[in-house]
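Single-structure report; data block below.
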Amino acid sequence: MSLFYHIVIFLYHGLIRIAALFNDKARLWVKGRKSLFKRLSDDFKNSESVVWFIQHHWGEFEQGRPVIEAFRKEYPQYKILLTFFHPQVMK
């Protein structure tokens, strides 16, 4: 099953890159993820205590905000990394 998953993800990424040649949303998807993990690694390499909250759309962000705020209040020693990507925001 793991091999199948990796093959599907590989094909998906390839198809998105092809679609990015013709579609603005796909182009933004590719651009937004370019060197993402390297940038995150560089920004947080000296931080030992980081909590990563991932929001995929605006509604999820609004629902998750109280959780993030409560976490920050309860654990102020942690840095919070919040990632949010929505192609409409980047236009």
Side-chain angles (χ1 to χ4, degrees):
M1 188 64 159
S2 177
L3 178 62
F4 176 73
Y5 171 80
H6 289 289
I7 291 170
V8 169
I9 294 298
F10 177 78
L11 292 173
Y12 178 76
H13 281 259
L15 290 172
I16 290 291
R17 290 189 180 279
I18 292 169
L21 299 172
F22 311 100
N23 183 284
D24 288 338
K25 258 190 180 180
R27 192 173 304 113
L28 288 171
W29 188 92
V30 170
K31 181 182 176 184
R33 286 159 178 78
K34 190 173 187 176
S35 305
L36 173 67
F37 291 106
K38 170 139 180 39
R39 287 182 285 153
L40 290 174
S41 176
D42 291 346
D43 289 344
F44 291 94
K45 62 183 166 191
N46 295 326
S47 301
E48 293 180 16
S49 302
V50 178
V51 177
W52 190 355
F53 290 91
I54 304 169
Q55 265 52 87
H56 297 282
H57 53 82
W58 187 255
E60 189 174 291
F61 170 72
E62 287 298 324
Q63 289 180 336
R65 185 188 305 222
V67 174
I68 296 168
E69 290 171 354
F71 184 88
R72 177 181 292 266
K73 190 174 183 179
E74 184 73 24
Y75 302 99
Q77 71 274 20
Y78 284 86
K79 288 189 175 184
I80 293 177
L81 169 61
L82 173 64
T83 55
F84 177 79
F85 178 78
H86 193 284
Q88 298 300 334
V89 175
M90 296 183 69
K91 283 190 173 184

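What you see below is based on every heavy atom in this structure, not just the backbone, and it leaves out hydrogens, waters and symmetry mates.
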Original post:
Linking I/L/V/M/F/W/Y whenever any side-chain heavy atoms sit under 4.5 Å apart, do Phe61 and Val67 land together?
Top reply: yes
**OP:** Enter the distance from Leu11:CG to His13:NE2 here, rounded to the nearest 0.5 Å.
**Re:** 10.5 Å
Original post:
Among all residues two or more places apart in sequence or in another chain, which pass the side chain to side chain donor-acceptor pair (under 3.5 Å) test with Gln77?
Top reply: none
**OP:** Mind listing the closest non-hydrogen atom pair of Ile80 and Arg72 along with its distance?
**Re:** CD1-CB, 3.8 Å
**OP:** Kindly give the heavy-atom pair with the smallest separation between Arg39 and Arg33, and that separation in Å.
**Re:** NH2-C, 4.3 Å
**OP:** Check Val30 against Ala20 and note the closest heavy-atom contact, atom names and distance.
**Re:** CG2-CB, 4.0 Å
**OP:** Treat each ILVMFWY residue as a node, draw an edge where side-chain heavy atoms are under 4.5 Å apart, and state whether Ile16 and Ile18 are in one component.
**Re:** no
Original post:
Considering all heavy atoms of both residues, which atom of Ile54 and which atom of Glu60 are nearest to each other, and what is their separation?
Top reply: O-OE2, 3.2 Å
Original post:
Parallel under 30°, tilted from 30 to 60°, perpendicular over 60°: which one fits the rings of Tyr78 and Tyr75?
Top reply: perpendicular
Subject >> Atom of Gln55, atom of Leu82 and distance for their closest heavy-atom approach >> reply: OE1-CD1, 2.9 Å
**OP:** Answer yes if Tyr5 and Tyr12 sit in the same cluster of Ile, Leu, Val, Met, Phe, Trp and Tyr residues linked by side chain heavy atoms under 4.5 Å apart, and no otherwise.
**Re:** no
Subject >> CG-CG distance between Asn23 and Leu28, expressed to the nearest 0.5 angstrom >> reply: 9.0 Å
